[in-house]
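Naming: A, B, ... by sequence-line order, numbering from 1 per chain.
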Protein chains: 2
Amino acid sequence: MDSSIKKKRVRGRLSREMIEDAAFQVIEREGLAGFSMRKLAAALGCEAMSIYHHFPSQAHLYEALVDRQISAIVIPDAGVPWRERIRIGMQEYRRVATEHPAFAPFVVVYRMNSPPCLAKLDSVIGLFEAGGFGPELSARLFRAASYYLMGAILDETAGYAKGPSAVTTVSDEQLARDFPSVMTAGAYFGRAGFDKTFELGLEMLLDEMERLRDSTNAS
Amino acid sequence: MDSSIKKKRVRGRLSREMIEDAAFQVIEREGLAGFSMRKLAAALGCEAMSIYHHFPSQAHLYEALVDRQISAIVIPDAGVPWRERIRIGMQEYRRVATEHPAFAPFVVVYRMNSPPCLAKLDSVIGLFEAGGFGPELSARLFRAASYYLMGAILDETAGYAKGPSAVTTVSDEQLARDFPSVMTAGAYFGRAGFDKTFELGLEMLLDEMERLRDSTNAS
DNA sequence: GCTTGACAACTTACACTGTAAGGTTCATTT
DNA sequence: AAATGAACCTTACAGTGTAAGTTGTCAAGC
């Protein structure tokens, strides 16, 4: 057993950071649904309840993981043109979120109320404001961009590339016969197609942002 | 107790449709995470295991619920211009998904491999093909549009409007002081702002689709 | 009317979950 | 050396999905 090896760990050496690191590992190994405090404890070589000394609940642990991920997003400074800043910001979010694919679905759905997350949120909305979008457009365009990001990351980390989750599966022959458009489109989906599709939608959104910005500033 | 009332139900009267109806109700009442086979059984006035006679597992039941929702999406027929068809199709998806808000997060993340879902998928991708987009653009634009839809629905059904999910919450005063851009943007979020933000992003995507279509067909 | 068979529903049981409550051990300070 | 308090462990409980076995009920055939 691997656990017997880990059991060598002596007392008094647990820390929030160690627990977080192990949590990311266990989540990737077992999947988000397969994760549990007991499995995490086994990976750490301790008992489940010991973790509660460092995190009051599983929810608090998850929040710490989200905070760590969100904090890792790098926003370009004000010297860069607004369009580039927003593009890089969005690519950064995707990069960070897909770093731990199994955890990504949790991150994108998470309601970010913690100070570290709010700080990042604030700086991203500030990107739009600094770009010359008014308060309303800044808010709504940020939201629309987030929507796109959420879906893209979910598809990449929890979508078809992860195999069928549906209970009833359809054979390839039946797919080709009954659902030809799905079959054809399938060639552009999956692992290889993510980057290109993501960039396509990203540029579409940026183009429209630019158009909206120019038309409102002109009038 | 309500359960005592329901207990009047006689044997041999359970059906898949009854179970699905009750499941939607229980999910809305208890939330997706709070849903369980035992609670569903209580609502039906039967024991948990009786449900397994009609659905082999909870996953099968969930799939049936998804199938029912997806099948309710109405796609405009070929007489309508492509742009209108795609717009209405997307609005339809949103309408259906938000009909059972607590279940929506499950629907949007679901990998739709069942025949009813594949059929709908096929007809939607067909919308792009019929609109004059080539196979690759049809595939990628469908995906990009789906990304946006997923995020929009998740925000509406599981986002900030549902209250803070984070464990640590920040007071309004602190929000106004430390995160002014979030504060300002907040005015456009929430229940009242969903429609307008959704429509804004939707038209942005449709505009870009039109541009892409014209430029590829011209060259 | 009685029996039989089949199926729908119930009962029990198991392995798992998060975590409350309380007991133990160990490093540090006095 | 004694005490203090943090760090960790043990036990227990109420909940989960569901496998396996049992009971109740109703319709068809005699």
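In the interface, the side chain of B:R38 is not paired with the base of D:dG15 through any donor and acceptor atom under 3.5 Å apart.
For C:dA8, the OP1/OP2 oxygens have no side-chain nitrogen or oxygen of B:S50 closer than 4.0 Å. For A:H53, a side-chain nitrogen or oxygen approaches OP1 or OP2 of D:dA7 to under 4.0 Å. Of the side-chain N and O atoms in A:H54, none sit less than 4.0 angstrom from OP1 or OP2 of D:dA6.
The nearest whole Å value for the distance from the CZ atom in A:F35 to the P atom in C:dC16 is 17 Å. The separation between B:R16 atom CZ and C:dA8 atom P is 13 Å, rounded to whole Å. Note: CE (B:M49) to C1' (D:dG21) measures 11 Å, nearest angstrom. Between the OH atom of B:Y52 and the P atom of C:dA9 there is a distance of 15 Å, rounded to whole Å. A:L44 has its CG atom 10 Å from the P atom of D:dC8, to the nearest Å. Counting to the nearest Å, the P atom of C:dG18 and the CZ atom of A:F55 are 15 Å from each other. In this structure, B:M18 places its CE atom 14 Å from P of C:dA8, rounding to the nearest Å. Rounding to whole angstrom units, CD of residue B:E47 and C1' of D:dT22 are separated by 14 Å.
Applying the side chain to side chain donor-acceptor pair (under 3.5 Å) test to B:H60 and every residue at least two apart in sequence or in another chain returns B:S57. Not a single side chain to side chain donor-acceptor pair (under 3.5 Å) links B:R16 to another residue, sequence neighbours left out.
Comparing B:M37 and A:S15 by the nucleotide of DNA chain D that holds the closest heavy atom to each, the one mapping nearer the 5' end is A:S15.
Using a 4.0 Å cut-off between charged side-chain N and carboxylate O, A:E173 and A:R177 make no salt bridge.
Residue-environment remark: CD (A:E17) stays at or below the threshold of 12 foreign heavy atoms within 6.0 Å.
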